[in-house]
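This report concerns only the one structure given below.
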Amino acid sequence: MNRPAKALYLGLVALARLFFSPNSAQADTFYVSNYTNNTIEVFNSSGQGTVFASSGLSGPSGLAIDSSGNLYVANSGYNTIEKYDPSGHGSVFANSGLNGPEGLAFDSSGNLYVVNFNSFTIEKFDASGHGSVFASGVGSRVLAFDGNGNLYGADPISWDIEKFDSSGNKSIFADFQSGLNAPFGLAFDGSGNLYVANSGNNTIERLDASGHGTVFANSGLNVPLGVAFDSSGNLLAANFGNNTIEKFDSSGNGSLFANSGLDDPLFVAAVIPEPTPWALMALGVGTFLGCCRSRRCSS
């Protein structure tokens, strides 16, 4: 490495050590809907929880977070969608076109999709709360988007995963032959695999892009419903049957994440902070060093 390159590298390392430390990193936050006591609980990355919201809720179920960190909650009892800012202040986002709202999911353009369980439809809302029917004849109760903009829905009655294209056309992505048993919670990993909480047999199934399934986890689960990934690739699952949250590593090994403040937990939503400028700087240092080691810069 020549002297100018070495000086630049040492300067970047010094800045990274000064500004990017474990103490400066932001942690994940997890929201859980407590269906029976009409609250939303918020947990830190260590599993410590507090009540986030307790007003304006009736049978809270589906959860989704927009790009600004606002939390949206499906109020199945009131047929509304409630919106909470990060401080917990709530307001009604939508109160029309809803009939037993449950699962929620945002697309990449900021539109919110809502399952109307009682009318077998999916409603699509723009940022102003104006809604229209996206799909009809729907059995899904839970929603999740893949990286290509396709919408997936779990149907626990028919034991299917429904797939919808951008026009709302439906096809069956997977069924009981893929190992599904009353599927509910859905979450995609970074490789495009779909993880499904099987509430009927207390397992979590992993489906590849073709819909082929294998058992990912089969311990520590008691009527698993909502699932979500954290920033480290661990999967959190809400155990409706015993009021706990279980955490699974990438190999499917489970451990108890939380067992307090929960009352019939249904859905889980994760807020994963974006990398800080200092994290990006540290990544830049690593890239610079890697390029030098591979002899792509002057030596």
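In this text the structure is predicted, and so the values were computed from the model without any measurement. Sequence positions, counted from 1, serve as the residue numbers for this chain.
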Requested in this report: List the steps and the verdict of side chain to side chain contact (heavy atoms under 4.5 Å, CB included) for L63 and L104.
Outcome: CA-CA 6 Å; L63 305 174; L104 307 178; 5.6 Å; no

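Sequence neighbours left out, not one pair with a member in residues 109-120 passes salt bridge (Lys or Arg N to Asp or Glu O under 4.0 Å). Residue pairs meeting the salt bridge (Lys or Arg N to Asp or Glu O under 4.0 Å) criterion with at least one partner in residues 141-153, sequence neighbours excluded, are E102-R141.
Between the D66 side chain and the N70 main chain, a donor and an acceptor come within less than 3.5 Å of each other. K124 places no side-chain N or O within donor-acceptor distance of the main-chain N or O of L112, the cut-off being under 3.5 Å. Between the side chain of N34 and the backbone N or O of D263, at least one donor-acceptor pair lies under 3.5 Å. Using a distance-only test at 3.5 Å, with no hydrogens or angles considered, a donor-acceptor pair links the side chain of E41 to the main chain of T50. Between the side chain of D85 and the main chain of H89, a donor-acceptor pair closer than 3.5 Å is present. Here the side chain of D189 pairs a donor or acceptor atom with the backbone of S191 at under 3.5 angstrom. For D126 (side chain) and G129 (main-chain N/O), a donor-acceptor pair under 3.5 Å exists by modelled atom type. Looking at E162, its side chain does come within 3.5 Å of a backbone N or O of G139 through a donor-acceptor pair. In terms of modelled atom types and a separation under 3.5 Å, the side chain of S136 and the main chain of T121 share no donor-acceptor contact. Listed for the N44 side chain is a donor-acceptor partner under 3.5 Å among the backbone atoms of S46.
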Identify every side-chain donor-acceptor pair in residues 171-186 under 3.5 Å, counting partners at least two apart or on other chains, and give the distances.
from	atom 1	to	atom 2	distance (Å)
D175	OD1	Q177	N	3.0
S178	OG	G211	O	2.9

Name each donor-acceptor pair under 3.5 Å that joins a side chain in residues 231-241 to protein atoms two or more places apart or in another chain, with its distance.
from	atom 1	to	atom 2	distance (Å)
S231	OG	D28	OD1	3.1
S231	OG	D28	OD2	2.9
N234	ND2	D230	OD2	3.0
N239	OD1	N222	N	2.8
N239	ND2	G220	O	3.0
N239	ND2	T244	OG1	3.1

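Among residues two or more places apart in sequence or in another chain, the side chain to side chain donor-acceptor pair (under 3.5 Å) test is passed with N202 by none. Listed by chain and residue number, nothing satisfies the side chain to side chain donor-acceptor pair (under 3.5 Å) test with S91 (two or more places apart in sequence, or in another chain).
I161 is listed as a side-chain neighbour of L207, based on a closest heavy-atom distance under 4.5 Å. Within the 4.5 Å cutoff, the side chain of F164 has heavy atoms near those of the F134 side chain. With contacts defined as side-chain heavy-atom distances shorter than 4.5 Å, the pair I40/P60 qualifies.
Y72 pairs with exactly one of F106, Y84, F125 by the side-chain contact (heavy atoms from CB on, under 4.5 Å) rule, that one being F106.
Side chain to side chain, T39 and N37 meet the donor-acceptor criterion of an N or O pair below 3.5 Å. For the residue pair T203 / N201, a side-chain donor-acceptor distance below 3.5 Å is found, with atom types taken as modelled. If you check the side chains of D155 and S140, you find no donor sitting under 3.5 Å from an acceptor.
Separation of the F43 and Y31 ring centroids does not fall under the 6.0 Å cut-off. Residues Y35 and F267 place their aromatic rings such that the two centres sit no closer than 6.0 Å.
Linking Ile, Leu, Val, Met, Phe, Trp and Tyr whenever their side-chain heavy atoms come within less than 4.5 Å puts L57 and L266 in one cluster.
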